[in-house]
Amino acid sequence: MPFSLAAPVHSEVIIKKSRFIACVERMADRQSATERVAALRAEHPGAVHVCWALLAGGQSAAVDDGEPSGTAGRPMLDVLRHQDLEGVLATVVRYWGGCKLGAGGLVRAYTDAVAQALLKADKIPLVRQQTLRCTLPYAFEGLLRRELEGAGAQLLAVAHGSQVEASFSLPQSAAADLVLRLNEAGQGRIGWLKD
C-alpha cells in the first residue's frame with residue numbers, strides 16, 4: 001500500500017562545507033511542484049541548485065537542476081520509491097561549499113538529505129478514491145443516500161431532472177461492493193454513467 005506524509009519534513013546535511021537543505025512534502029501534481037520549486041528559488045537566491053523529485057502517478061519527475069546528469073533528481077526519486085511514497089515532492093537546496101564532491105559524492109549527499117528528512121516522517125496510508133455517477137428514480141434517492149453514508153462515500157453532486165443523477169466518491173476498494181448492493185436494492189433501475 002502506498003503512503004503519503006501527514007506533514008512536511010526537513011533536514012540539513014553539510015558535506016565538505018556544502019549545505020544540502022531537504023524538504024519532503026505532499027504534492028498532488030507537476031504544476032504544483034514547479035510552483036513550489038520556483039518559490040524555493042526565490043527564498044534561496046544564493047543557492048547554486050534546487051534539485052527535486054516528484055512521485056505523483058503519471059506526473060513523476062526527477063530534475064538535476066545543473067548537477068551532473070543522474071546525480072540528484074534520480075537518486076532522490078529512488079529514495080521516495082523505496083519508501084513506497086506517492087503524491088510527494090522532495091526538494092534539496094544546495095549551497096556551494098567550495099569543494100567538488102564527484103558524482104558518487106553528489107548521489108550520496110542528495111540521497112542522504114532526503115533519507116534524513118524521511119526519518120522524521122509520519123507516513124499515512126494513501127487511500128485511492130474512485131468517483132461514480134448514476135441515475136435513479138426519485139423513489140430510490142433515500143436508499144442511495146443511506147448506502148453512501150454506510151459505505152463512507154462522499155456525495156459530490158445531485159441533479160434533479162426526469163430522474164435523479166448523482167456523483168460520489170469513495171475508497172476504490174469499496175466501490176465494487178457498493179455498486180453490487182445498489183444494483184440489488186435498486187432492482188435494476190439504477191443506471192451507471194461513464195465519464
Side-chain angles (χ1 to χ4, degrees), residues 1-10 22-39 52-63 73-91 114-115 117-195:
M1 170 185 292
F3 294 89
S4 190
L5 301 179
V9 289
H10 302 84
C23 177
V24 184
E25 59 195 304
R26 291 175 77 155
M27 196 64 53
D29 55 39
R30 193 175 184 126
Q31 180 179 343
S32 302
T34 55
E35 290 169 7
R36 177 69 179 123
V37 170
W52 56 282
L54 173 70
L55 250 182
Q59 299 186 37
S60 298
V63 178
R74 175 67 55 192
M76 293 163 60
L77 189 64
D78 289 343
V79 172
L80 299 178
R81 283 191 178 126
H82 181 72
Q83 296 275 335
D84 203 17
L85 293 170
E86 178 63 36
V88 295
L89 170 70
T91 55
V114 173
L118 287 172
L119 288 175
K120 306 171 198 169
D122 182 12
K123 293 183 186 178
I124 53 175
L126 192 63
V127 178
R128 298 210 184 275
Q129 297 287 309
Q130 182 171 349
T131 300
L132 297 172
R133 289 182 24 207
C134 66
T135 59
L136 57 149
Y138 280 85
F140 290 112
E141 185 175 358
L143 166 76
L144 174 70
R145 289 179 183 269
R146 285 189 302 279
E147 287 291 337
L148 293 181
E149 187 176 324
Q154 179 184 0
L155 188 60
L156 302 173
V158 177
H160 296 93
S162 60
Q163 286 203 319
V164 176
E165 183 176 317
S167 65
F168 52 92
S169 69
L170 72 162
Q172 205 171 38
S173 59
D177 286 342
L178 178 63
V179 168
L180 184 63
R181 280 197 316 274
L182 286 170
N183 285 341
E184 287 176 5
Q187 303 160 349
R189 296 178 61 197
I190 296 178
W192 297 97
L193 305 171
K194 302 262 189 227
D195 283 327

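Since this is a predicted model, take the numbers as computed values, not measurements.
With sequence neighbours left out, Ser60 forms a side-chain hydrogen bond (donor to acceptor under 3.5 Å, both in side chains) with no residue at all. Applying the salt bridge (Lys or Arg N to Asp or Glu O under 4.0 Å) criterion to Glu149, with sequence neighbours excluded, gives no partner residue. With sequence neighbours left out, the side chain to side chain contact (heavy atoms under 4.5 Å, CB included) criterion links Gln129 to Val127, Ser169, Pro171. Take Arg181 and apply the side-chain hydrogen bond (donor to acceptor under 3.5 Å, both in side chains) test, not counting sequence neighbours, and it matches Glu147. Shown here are the salt bridge (Lys or Arg N to Asp or Glu O under 4.0 Å) partners of Arg145, two or more places apart in sequence or in another chain: Glu141. Taking Lys120 as the reference, nothing meets the side-chain hydrogen bond (donor to acceptor under 3.5 Å, both in side chains) condition, with sequence neighbours excluded. For Asp177, the side-chain hydrogen bond (donor to acceptor under 3.5 Å, both in side chains) test picks out no residue, with sequence neighbours left out. Here Ala6 pairs with Asp122, Ile124 under the side chain to side chain contact (heavy atoms under 4.5 Å, CB included) rule; sequence neighbours left out. Remark: Glu86 engages no residue in a salt bridge (Lys or Arg N to Asp or Glu O under 4.0 Å) (not counting sequence neighbours). For Arg26, the salt bridge (Lys or Arg N to Asp or Glu O under 4.0 Å) test picks out no residue, with sequence neighbours left out.
When all heavy atoms of Val114 and Ala22 are compared, the closest pair comes out as N-CB, 4.1 Å. For the pair Ala33 and Met27, the tightest heavy-atom approach, listed with the atom from each and the gap, is N-SD, 3.7 Å. The minimum heavy-atom distance between Ala153 and Leu170, with the atom names listed, is CB-CB, 3.7 Å. Listed here is the closest heavy atom pair of Gly73 and Ala53: O-CB, 3.6 Å. The shortest heavy-atom contact between Lys123 and Leu5 is CG-CD2, 4.4 Å.
Remark: Thr131 OG1 to Gln172 CD distance equals 10.0 Å, nearest 0.5 Å. For the atom pair Met76 CE and Asp78 CG, the distance stands at 11.0 Å (nearest 0.5 Å). Here the CZ-OG distance, from Arg128 to Ser173, works out to 11.5 Å after rounding to the nearest 0.5 Å. Between atom CG of residue Leu77 and atom CG of residue Leu55 there is a gap of 5.0 Å, rounded to the nearest 0.5 Å.
Residue pairs meeting the salt bridge (charged side-chain N to carboxylate O under 4.0 Å, His left out) criterion with at least one member in residues 165-175, sequence neighbours excluded: Arg133-Glu165. Identified under the ring pair (Phe, Tyr, Trp, His ring centres under 6.0 Å) test for residues 131-171, with sequence neighbours left out: Tyr138-His160.
You'll find the side chain of Leu136 stays beyond 4.5 Å of the side chain of Leu182, heavy atoms only. In this structure, Phe3 and Leu85 have side chains that are in contact, with non-hydrogen atoms separated by less than 4.5 Å. Taking the side chain as every heavy atom from C-beta outward, Leu54 and Leu80 never approach each other to under 4.5 Å.
For His82, the NE2 atom sits in a loose shell: 12 or fewer heavy atoms of surrounding residues, nucleotides or ligands are nearer than 6.0 Å.
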